[in-house]
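Atoms within a ligand are numbered from 1 in the order they appear, just like the ligands themselves.
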Amino acid sequence: MNTSSLPRIAVLATGGTIAGSAGDASKTAGYKAGVVGVDKLLDAVPALGTVARIHAEQIASIDSKDMSVALWTALASRVNELLAQDDIDGVVVTHGTDTLEETAYLLHLTVKHAKPVVLTAAMRPSTALSADGPLNLLNAVTVAASKDAAGKGVLVAFNNQIHCARDVTKTSTYAVDAFRSPETGVLGFVQDGRVEFQRTVVRPHTAASEFSVTDEWPMVEIVASYADASRVMVDALVAAGVRGIVVAGTGNGSMHATLTQALADAVRQGVAVVRASRVGSGHVMRNGAANDDALGSVSAGTLNAYKARVLLMLALASGVGDLQRVFDAY
Ligand code: ASP
């Protein structure tokens with residue numbers, strides 16, 4: 001086979017369970033994430049050579065629970081650099097499943113190119129019986145090598161499905177079909193080399209996004225509402241100099257009265273407050289379960305609290321005045 005005409009895809013490895021290893025092939029929960037290098041991950045999938053020419057880089061070797069904003073800056077900058085090269089046609093990022101949705105959305109908003117960017121991961125370590133990483137990696141490279149994937153923003157290829165970075169979320173602690181896009185559904189499918197999109201992405205992303213990656217990340221934290229929620233955490237965050245607070249509210253972003261009072265006080269001290277929901281699907285309507293006009297808060301719409309935090313950090317870093325506009329748009 002003449003492979004010189006195949007697309008050239010950069011695979012950037014960051015660690016995660018896809019690079020995880022256990023002493024026993026029957027172990028799918030007790031293992032160490034992020035210990036297998038990118039070359040070994042690629043060697044486990046000989047079929048990659050029929051799909052793309054691979055350029056591999058080890059960006060990090062972490063369990064994604066330990067993802068940091070400094071690593072986000074390095075990763076987004078490297079993706080932008082690589083995509084600016086004429087000899088790179090797309091990028092695949094291998095990642096842990098735990099914070100994949102946050103990194104994916106961060107890249108969706110800060111990568112400035114139309115070439116495909118695809119994240120993938122695994123629920124089972126590379127040493128496990130029925131490890132899901134090798135096929136997920138092959139499918140991610142297949143999507144990144146597909147012309148149809150261009151211009152759709154950052155994608156997540158997992159368990160034969162293709163998700164939009166904005167909508168996808170991890171929904172299971174153990175299942176190999178852990179990722180879902182609640183309310184919106186998958187963008188398409190990848191199976192046996194065939195990439196099929198069934199819908200498109202309408203909200204702005206990548207080149208159309210007004211945001212760029214920063215190395216000055218504002219402090220934005222998440223608090224939740226629940227029975228008898230106190231104001232202790234909000235007051236502590238304000239005292240610590242927080243710039244923004246995302247609330248994972250009950251139901252349609254409602255909040256305990258005590259928490260509401262603490263957040264109103266925080267807004268008066270210049271803290272940006274965004275209401276999301278702890279429910280896991282649905283949207284949070286402005287002036288719905290809480291009076292945003294009176295409180296000075298912003299509703300997150302269909303963004304979950306973790307993604308709302310990403311958007312709020314980028315918006316505060318770039319000095320956005322009307323935060324509700326940004327949450328309505330992105
Ligand atoms: N803790 C792992 C990680 O996020 C879980 C996984 O990748 O599935 O790195």
task = Apply ring pair (Phe, Tyr, Trp, His ring centres under 6.0 Å) to the pair Y330 and F211, showing each step before the final yes or no.
result = CA-CA 11 Å; Y330 290 88; F211 304 111; 5.1 Å; yes
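For T17 and Y31, the side-chain atoms include at least one donor-acceptor pair closer than 3.5 Å. With 3.5 Å as the limit, one finds no donor-acceptor pair spanning the side chains of W72 and T110.
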For a distance cut-off of 3.5 Å, show me each N or O of ligand 1 paired with any protein N or O, plus the separation.
unit_1, atom_1, unit_2, atom_2, d
ligand 1, 1 (N), D63, OD1, 2.8
ligand 1, 1 (N), D63, OD2, 3.3
ligand 1, 1 (N), D98, OD2, 2.7
ligand 1, 4 (O), S64, OG, 2.5
ligand 1, 4 (O), T97, N, 3.3
ligand 1, 4 (O), D98, N, 3.0
ligand 1, 4 (O), D98, OD2, 3.3
ligand 1, 7 (O), T17, N, 2.9
ligand 1, 7 (O), T17, OG1, 2.9
ligand 1, 7 (O), T97, N, 2.8
ligand 1, 8 (O), T17, OG1, 3.0
ligand 1, 8 (O), T97, OG1, 2.4
ligand 1, 8 (O), A122, O, 3.1
ligand 1, 9 (O), D63, OD1, 3.1
ligand 1, 9 (O), S64, N, 2.7

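Residue Q198 places its CD atom among more than 12 non-hydrogen atoms of other residues, nucleotides or ligands, all under 6.0 Å distant.
Applying the salt bridge (Lys or Arg N to Asp or Glu O under 4.0 Å) rule to pairs touching residues 255-274 yields R231-D265, D265-R268, sequence neighbours excluded.
Shown are D293, N291, D328; of these, the side chain to side chain donor-acceptor pair (under 3.5 Å) with R286 is made only by D293.
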